[in-house]
Peer 1: 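Have a look at this one.
Nothing fancy with the numbering, it's 1 onward along the sequence.
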Amino acid sequence: MEAVNADEFTVEAVERALQQLYYDPDMDKKNVAQKWLTQAQASPQAWHFCWALLRPDKVPEIQFFGASTLHAKISRHWSDLPPGQLDSLRSQLITQVGQFASGPKLVLTRLCVALASLVLHVLAETWPTAVPDLLCAFQTGESVTEADGQARCLALLELLAVLPEELQSSRIPASRRSQLRSALAVDWSSVCSLLQQLLQRPDAPCPVRERVLRCVSSWLTLDITLKDSEGLLESCLALLKESELFDTAVETIVSIISQPDCQRFADSLLKVVPQVLGLQEQLKKAVQDGDMETSHGICRIAVALGETHCRTLLEQVDHWQGFQALVSMIMSCTGTPGHYPVDETSSSLTLTFWYTLQDDITSLDAERQTLYLQIYRPVYFQLVDVLLQKACFPRDEDYAAWSADDKEQFKTYRVDISDTLMYVYELLGPELLRSLYDKLGTLLTDTTHPSSWQDIEALLFGFQSIAETVDVSYSDVIPGLIGLIPLITANNVQLAETIMFTIGSLAEWLADHSLMLASVLPVVLHGLSDADLSVACVSALKRICRECRHDLHLHANDIMAVSQAVLVKDIHKSPQCMWIMQALGFLLSALPSDEILGKLLSLVTPHIQQLEKLASEPPSSANKLPIVHILGLLSDLFSTFDLNKQSERSEVMRPVQTQPHHNNPVVVVLQQAFPLIQTILSKWLNEPEVVEAVCAVFEKSLKTLLHDFAPLVTQLCELIGQMFSAYPQASALDLTRQLVHIFGCEKDLFSPIIALLELITNITMSIFQLGSRDHPDVVESFMQLHAQALRRKSDLYLSDHLDIKAVFYCGILSFKFPEAPTLKATCQLFTELISHCEEIPAVREVLQEDGKLLLQTLLEVIGGQSPRSLAEHFAEVLFSASRNCPSMLSVWLREALLPPGFPSSHLTTEHKEHFCQQILREQVSKRRMKDIVKEFALLSRGLQGTEYAANY
């Protein structure tokens with residue numbers, strides 16, 4: 001078929017376009033038809049051709065377009081309705097809904113949505129009786145057959161259901177929406193009466209009752225109160241006995257009882273409690289029969305009632321027994337037999353209820369809090385037992401049959417239980433730990449009743465959940481727990497993992513009780529050689545080495561030996577190997593100074609030898625990964641190798657003057673490895689991963705060693721210069737930034753650093769000249785580097801060799817980048833640069849010459865499509881200008897905003913003048929400047945007062 005090009009939007013032309021849209025295989029022709037049909041819907045002729053498209057002899061696709069066109073005209077082009085046509089449009093629409101009552105369903109729904117849209121246009125002003133009139137129209141129409149009567153009933157219910165939905169989804173101002181919501185809510189009593197009659201009719205077909213339930217849920221969005229839907233709720237609860245309506249009934253019941261303002265109707269709420277408690281027999285039978293859907297649904301209802309109205313029900317002190325019964329029902333849901341998520345899915349729904357109950361009890365006045373704590377402390381102890389039972393792993397053979405997805409869900413479920421236990425500890429306190437300890441001791445020492453590993457693991461899991469985030473230093477049971485751990489036979493991976501995580505969670509406690517390290521460290525070191533325990537075991541070792549580093553001297557040789565052995569054997573994956581090196585960095589840096597270098601060399605030498613071997617081979621993808629891996633190991637080792645921490649501890653223990661570490665062991669290692677690193681770089685300069693890994697070795701060492709790194713500065717500056725000259729990369733710029741930050745004020749090292757900065761600046765400027773768009777990361781790091789240099793050592797820019805003007809123009813070009821991190825870094829540069837306009841002549845000169853260009857560029861970005869998160873950073877540039885050069889800013893602003901339509905056609909002269917006044921007046925509050933910029937950005941985009949603006 002040829003492309004549609006008709007000038008008139010006739011019925012025939014529309015049908016041809018629809019034929020082309022639906023059936024032509026050519027996507028270009030489909031797109032042409034789609035565009036033409038959109039224009040047709042917007043045309044005045046659409047008010048006429050839509051009815052012809054709805055004729056009974058048309059196919060459903062054409063009828064659907066006719067109905068959609070009606071909705072589009074009413075919802076978006078209401079002002080185009082010809083004068084005097086409202087009554088005709090209304091009656092025709094009602095007639096059409098009646099005619100399509102028997103289907104097709106898609107057409108009926110679109111017609112109902114169109115009629116709903118019409119109602120919303122005229123309800124408040126010209127048709128206040130719309131809802132009663134429609135109820136009457138569809139209930140009194142003639143029905144030839146019973147099926148016809150049912151169809152008209154379903155059509156009415158469809159209309160009633162879409163009416164509140166159309167209110168929610170249509171583009172209506174908030175004040176108007178509120179007015180319409182109130183107007184519709186007035187008619188709830190008549191709608192409710194009809195819905196209740198239909199639910200209670202014994203002969204009402206299932207589709208009708210299902211549509212009634214959907215109607216209820218829809219009208220509840222109008223903030224219908226529980227008091228006004230008591231009878232309906234009772235009818236809905238009765239439907240839970242009917243399996244085909246169960247799921248829909250649950251959704252509706254939950255919607256009714258989740259209305260948040262029910263506290264205003266406590267009497268109505270108190271009537272609901274026994275009705276929900278009456279579901280317990282059905283719940284019990286569902287659990288016994290393994291009917292997960294039914295138990296899940298009833299659990300949802302109980303939790304919705306308890307969670308939404310917990311505070312209100314607690315305040316009804318005279319009715320405490322009813323609420324306690326509801327809590328018991330929810331507890332039974334928490335303890336649903338079987339394993340989540342294979343045997344049951346209900347228990348996870350209840351966890352947030354226990355948070356709510358605890359919060360609401362502890363926020364009551366002292367008298368009621370005392371009363372309820374007497375009632376509910378035992379309940380929470382019972383909850384702990386239930387949760388630990390639910391956290392138990394299934395039998396080994398059952399767990400092996402679980403799918404990967406089930407195992408992942410169970411893992412997440414245990415995390416949720418862990419969080420709940422941690423929260424419950426705030427209520428129960430140390431008594432909870434004592435209870436767990438006593439149970440664990442009984443399991444491990446009672447030989448008459450052998451315990452399963454699952455029970456032991458669950459109790460340890462409980463301990464770990466609490467110790468992970470709660471300070472347990474005052475607990476008197478931790479020493480006993482530490483003593484019990486070696487008694488556990490960990491012949492199962494899950495149990496062994498939990499033991500490791502438990503030990504790791506107690507690392508801070510062990511730091512204050514170092515004698516107990518001898519009990520648990522062998523357990524960790526033994527597990528280090530088991531790949532299945534990798535994450536848990538290495539994590540425990542790292543935490544112990546970090547927290548207890550100053551008490552590990554006696555254990556250092558054992559830790560080193562085991563760690564080196566597992567690293568050589570490649571037992572662990574790369575991330576865990578990195579953790580081991582971090583652990584050893586903590587350990588080595590706390591040893592006596594005369595032992596450190598020897599142990600450090602024994603640790604790194606095998607890796608450096610391997611690196612030498614790899615460096616001697618021709619570059620290939622096979623040896624790139626191991627090179628990056630070994631460099632990563634060194635980086636992580638040096639990142640935690642902090643002798644300054646050792647000095648701090650020494651000062652606390654013996655207040656003597658600490659000497660700088662002239663021969664820092666890390667510096668010795670790096671000096672020895674420097675030629676090797678140069679060799680690697682010479683072969684791998686074009687591989688970003690290798691260059692980044694080399695830079696990371698020095699950057700992490702710098703951050704840890706600080707001024708101890710001084711002996712390497714000159715060599716490193718030369719190396720960075722060679723790297724960047726051959727292949728400019730962001731990692732080299734970031735490393736230079738660290739050097740500037742730490743050594744920028746050191747006179748002895750001033751020369752190599754400024755030479756490097758000059759070289760890097762010249763090379764980067766050549767990148768800008770050739771086209772920097774493909775290097776946003778380099779541009780971002782370049783901006784950050786100069787911002788840091790200005791902040792740390794601004795007199796660097798007094799040199800004739802460092803061209804701050806060129807940096808300025810690079811920054812102007814950087815504002816053209818779409819990447820948010822690059823724009824943020826550019827803002828930081830200009831914020832810092834402008835603040836030095838008085839002390840650096842070159843900065844003052846470039847601002848006098850081209851400050852207007854800077855402002856034009858900035859305003860263009862603010863008024864464009866830049867991310868909202870950048871408003872704060874744009875504001876800081878303007879704030880810096882307002883504070884440091886207000887007279888120049890005044891000239892720039894007025895000149896930049898003078899051209900009409902700049903930076904946006906949405907801005908009037910008044911908008912621009914107001915913006916100028918606000919900017920020039922604001923020299924105190926950065927937050928206020930941010931608000932000014934946000935308002936200007938929204939005005940520029942024509943978004944002021946929109947929903948987007950509310951979230952901006």
Side-chain angles (χ1 to χ4, degrees), residues 247 286-287 289-297 299-300 303 333-352 386-422 452-465 468-469 488-505 524 526-543 566 569-580 625 629:
D247 290 341
V287 170
D289 296 345
D291 182 353
M292 289 168 63
E293 287 75 17
T294 300
S295 55
H296 185 95
C299 177
R300 278 188 64 197
V303 170
C333 294
T334 306
T336 303
H339 288 95
Y340 180 93
V342 174
D343 305 316
E344 60 90 12
T345 57
S346 305
S347 58
S348 63
L349 301 174
T350 67
L351 298 181
T352 51
V386 169
L387 290 177
L388 292 180
Q389 183 60 45
K390 295 300 296 181
C392 277
F393 279 90
R395 294 181 307 168
D396 293 336
E397 56 271 28
D398 293 338
Y399 190 65
W402 281 20
S403 69
D405 185 53
D406 287 338
K407 289 178 179 177
E408 188 58 33
Q409 285 191 57
F410 182 61
K411 181 180 177 181
T412 303
Y413 175 66
R414 279 172 51 101
V415 171
D416 293 340
I417 287 177
S418 176
D419 292 342
T420 310
L421 290 171
M422 176 192 73
S452 69
W453 71 262
Q454 288 93 338
D455 292 334
I456 296 170
E457 190 278 337
L459 286 166
L460 282 174
F461 172 76
F463 263 113
Q464 180 228 331
S465 300
E468 197 66 61
T469 49
I488 302 172
T489 304
N491 51 9
N492 176 278
V493 172
Q494 285 85 16
L495 174 57
E497 272 192 334
T498 304
I499 290 172
M500 296 303 168
F501 283 129
T502 304
I503 292 171
S505 70
V524 175
H526 177 73
L528 210 57
S529 57
D530 188 342
D532 290 334
L533 302 179
S534 182
V535 173
C537 197
V538 174
S539 171
L541 178 67
K542 180 183 170 183
R543 294 176 76 169
V566 298
K569 293 175 184 175
D570 284 335
I571 289 173
H572 301 282
K573 293 179 181 176
S574 185
Q576 282 68 56
C577 292
M578 304 300 170
W579 291 0
I580 290 174
L625 285 178
H629 174 72

Peer 1: Within the side chain of E457, is there an N or O that forms a donor-acceptor pair under 3.5 Å with the backbone of C392?
Peer 2: no
Peer 1: Considering residues at least two apart in sequence or located in another chain, which fulfil the ring pair (Phe, Tyr, Trp, His ring centres under 6.0 Å) criterion with W453?
Peer 2: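 Partners of W453 under the ring pair (Phe, Tyr, Trp, His ring centres under 6.0 Å) test: F393.
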Peer 1: Apply side-chain hydrogen bond (donor to acceptor under 3.5 Å, both in side chains) to S505 and list each qualifying residue two or more places apart in sequence or on a separate chain.
Peer 2: none
Peer 1: Kindly write out the residues that satisfy side chain to side chain contact (heavy atoms under 4.5 Å, CB included) with D289, not counting sequence neighbours, or none if the list is empty.
Peer 2: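 Per chain and number, D289 pairs via side chain to side chain contact (heavy atoms under 4.5 Å, CB included) with K285.
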Peer 1: Quick one: does D530's side chain get under 4.5 Å of V493's, heavy atoms only?
Peer 2: no
Peer 1: With sequence neighbours excluded, tell me which residues meet side chain to side chain contact (heavy atoms under 4.5 Å, CB included) with D247.
Peer 2: none
Peer 1: With sequence neighbours excluded, tell me which residues meet side-chain hydrogen bond (donor to acceptor under 3.5 Å, both in side chains) with D455.
Peer 2: S452
Peer 1: Please name all residues satisfying side chain to side chain contact (heavy atoms under 4.5 Å, CB included) with T412, sequence neighbours left out, ordered by chain then number.
Peer 2: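 Only E408, D416 meet the side chain to side chain contact (heavy atoms under 4.5 Å, CB included) criterion with T412.
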Peer 1: Please give me the minimum heavy-atom distance between L388 and L421, naming the atom from each residue.
Peer 2: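 It is CD2-CD1, 3.8 Å.
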Peer 1: Do L351 and D419 make a side-chain contact, defined as non-hydrogen atoms from C-beta onward lying under 4.5 Å apart?
Peer 2: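 No, their side chains stay 4.5 Å or more apart.
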Peer 1: Hey, what do you get for CD (Q494) to CG (L533), rounding to the nearest 0.5 Å?
Peer 2: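 Atom-to-atom, Q494:CD and L533:CG are 10.0 Å apart.
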Peer 1: Keeping to residues at least two apart or across chains, list the salt bridge (Lys or Arg N to Asp or Glu O under 4.0 Å) pairs with something in residues 495-504.
Peer 2: none
Peer 1: For the NE2 atom of H296 and the CG atom of L349, what is their distance to the nearest 0.5 Å?
Peer 2: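 Those atoms lie 4.5 Å apart.
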Peer 1: Measure the spacing between CD1 of I499 and CG of N492 and express it to the nearest 0.5 Å.
Peer 2: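 Rounded to the nearest 0.5 Å, the CD1-CG separation comes out at 9.5 Å.
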Peer 1: Considering non-hydrogen atoms only, spot the tightest contact between S529 and V566 and give its length.
Peer 2: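 Heavy atoms of S529 and V566 come nearest at CA-CG1, 3.9 Å.
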Peer 1: State whether the number of non-hydrogen atoms from other residues, nucleotides or ligands found under 6.0 Å of K573 atom NZ is greater than 12.
Peer 2: no
Peer 1: Rounded to the nearest 0.5 Å, what separation is found between the OG1 atom of T489 and the CD1 atom of I456?
Peer 2: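 Between atom OG1 of T489 and atom CD1 of I456 there are 8.0 Å.
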Peer 1: With a 3.5 Å distance limit and no angle check, can you tell me whether S418 reaches the backbone of R414 through a side-chain donor-acceptor pair?
Peer 2: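 No; zero donor-acceptor contacts below 3.5 Å.
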Peer 1: D398: which residues meet the salt bridge (charged side-chain N to carboxylate O under 4.0 Å, His left out) condition with it, sequence neighbours left out?
Peer 2: R395
Peer 1: Taking only residues two or more places apart in sequence or in another chain, which ones pass side-chain hydrogen bond (donor to acceptor under 3.5 Å, both in side chains) with S574?
Peer 2: H629
Peer 1: Indicate the atoms forming the closest heavy-atom contact of V535 with W579, along with that distance.
Peer 2: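 Taking every non-hydrogen atom into account, O-CZ3, 3.8 Å.
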Peer 1: If we only count heavy atoms from C-beta on, is the K390 to Y413 side-chain gap below 4.5 Å?
Peer 2: yes
Peer 1: Just how far is it from atom CZ of R300 to atom OG of S346, taken to the nearest 0.5 Å?
Peer 2: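 If I round to the nearest 0.5 Å, the distance is 11.0 Å.
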Peer 1: Looking only at non-hydrogen atoms, find the nearest pair between L495 and A490 and report the distance.
Peer 2: CD2-CA, 4.1 Å
Peer 1: Which residue in the set S348, S295, S347, C299 passes side-chain contact (heavy atoms from CB on, under 4.5 Å) when paired with C333?
Peer 2: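 In the set S348, S295, S347, C299, the residue that makes a side-chain contact (heavy atoms from CB on, under 4.5 Å) with C333 is C299.
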Peer 1: Is there a donor-acceptor pair closer than 3.5 Å between any side-chain N or O of K542 and the backbone N or O of Q576?
Peer 2: no
Peer 1: Hey, what do you get for OG1 (T498) to CZ (F463), rounding to the nearest 0.5 Å?
Peer 2: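 The CZ atom of F463 is 13.5 Å from OG1 of T498, to the nearest 0.5 Å.
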Peer 1: Quick check: closest heavy atoms across S534 and H572, and the distance to 0.1 Å?
Peer 2: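 So the minimum-distance heavy-atom pair works out to OG-ND1, 2.7 Å.
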Peer 1: Looking at every non-hydrogen atom in both residues, tell me the closest pair between W402 and V342 and how far apart they are.
Peer 2: CE2-CG2, 3.3 Å
Peer 1: Output all residues satisfying side-chain hydrogen bond (donor to acceptor under 3.5 Å, both in side chains) with T469, sequence neighbours left out; order by chain, then residue number.
Peer 2: none
Peer 1: By side chain to side chain contact (heavy atoms under 4.5 Å, CB included), which residues pair with D570, not counting sequence neighbours?
Peer 2: none
Peer 1: Just so I know, are the side chains of F501 and L460 near enough to count as touching, which here means a heavy-atom distance under 4.5 Å?
Peer 2: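 When only atoms from C-beta onward are counted, L460 and F501 do not touch, as no gap falls below 4.5 Å.
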